Amino acid sequence: MVSILTTMDDGTGVEIATVGNEGMVGVPLFLGSDFMPAREFSQAQVPGEVMRMDAEFFGQEMVTRGALHRVVERYVLAFLRQTSQQVACNKLNSIEERCCRWLLLPQDGGGD
């Protein structure tokens with residue numbers, strides 16, 4: 001499970017999204033950026049294995065608009081929906097409810 005965090009003006013990191021074993025880090029690359037936003041970083045939250053793909057190779061694969069592109073495109077839509085839901089829950093739910101959600105995430109794959 002990986003948390004995507006943004007850095008606030010006071011230097012603290014705030015989780016803005018969670019990526020599980022069915023997800024990916026690097027959505028900005030898929031959307032055409034060649035770098036991550038300066039205030040955004042990813043942090044592993046639990047031990048596990050990851051797979052890595054070279055950014056240049058990933059970009060070349062996206063240009064072909066083949067099967068990998070279609071899968072990543074669907075993932076990005078789900079990721080945006082999940083992130084929107086997480087923002088709403090962070091606003092509306094108690095700290096206890098948010099803590100329960102975070103503790104249960106590894107059980108269902110990490111959040112996406």
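As the structure is a prediction and not an experimental result, all values here were calculated from the model.
- Note on Val19 and Val71: separate hydrophobic clusters, where clusters join Ile, Leu, Val, Met, Phe, Trp and Tyr whose side-chain heavy atoms are under 4.5 Å apart, directly or indirectly.
- Under the side chain to side chain donor-acceptor pair (under 3.5 Å) criterion, Thr12 pairs with Asp10, sequence neighbours left out.
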Could you list the donor-acceptor pairs under 3.5 angstrom formed between side-chain atoms of residues 52-61 and any protein atom two or more places apart in sequence or on another chain?
{"residue": "Asp54", "atom": "OD2", "partner": "Glu56", "partner atom": "N", "Å": "3.1"}
{"residue": "Asp54", "atom": "OD2", "partner": "Phe57", "partner atom": "N", "Å": "3.1"}

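- For the atom pair CG (Leu92) and CZ (Arg98), the distance works out to 10.0 Å, reported to the nearest 0.5 Å.
- Here Leu5 is tied into one hydrophobic group with Phe41, each link being a pair of ILVMFWY side chains closer than 4.5 Å.
- Residues forming a side chain to side chain donor-acceptor pair (under 3.5 Å) with Thr83 (at least two apart in sequence, or on another chain): none.
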Evaluate Leu68 against Met62 for side chain to side chain contact (heavy atoms under 4.5 Å, CB included), listing each step before the verdict.
CA-CA 7 Å; Leu68 181 59; Met62 293 304 101; 3.5 Å; yes
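- Among residue pairs with one or both ends in residues 62-71, none qualify as salt bridge (charged side-chain N to carboxylate O under 4.0 Å, His left out); sequence neighbours excluded.
- The side chain to side chain contact (heavy atoms under 4.5 Å, CB included) search around Cys89 returns Gln85, Asn93, not counting sequence neighbours.
- For the atom pair Glu97 CD and Cys100 SG, the distance stands at 8.0 Å (nearest 0.5 Å).
- Residues forming a side chain to side chain contact (heavy atoms under 4.5 Å, CB included) with Ser33 (at least two apart in sequence, or on another chain): Pro28, Phe35.
- By the 4.5 Å side-chain criterion applied to Ile, Leu, Val, Met, Phe, Trp and Tyr, Val14 is assigned to a cluster that also includes Met8.
- The OG1 atom of Thr6 lies 12.0 Å from the CD atom of Glu15; values are rounded to the nearest 0.5 Å.
- Of all the heavy atoms in Ser3 and Gln45, the pair that sits closest is OG-NE2, 3.0 Å.
- Residues passing the side chain to side chain donor-acceptor pair (under 3.5 Å) test with Gln43, sequence neighbours excluded: none.
- Summarising the geometry of Gln82 relative to Thr18, their closest heavy-atom pair is OE1-O, 3.5 Å, with the distance given to 0.1 Å.
- Sorted by first and then second residue, the ring pair (Phe, Tyr, Trp, His ring centres under 6.0 Å) pairs with a member in residues 7-33 read Phe30-His69; sequence neighbours excluded.
- Both Val72 and Leu31 belong to a single network of hydrophobic side chains, linked directly or stepwise wherever heavy atoms of I, L, V, M, F, W or Y lie under 4.5 Å apart.
- Neither Phe79 nor Val87 shares a network with the other; the hydrophobic side chains, linked directly or stepwise wherever heavy atoms of I, L, V, M, F, W or Y lie under 4.5 Å apart, form separate groups for each.
- When the salt bridge (charged side-chain N to carboxylate O under 4.0 Å, His left out) test is applied to Asp9, the partners found at least two apart in sequence or on another chain are Arg39.
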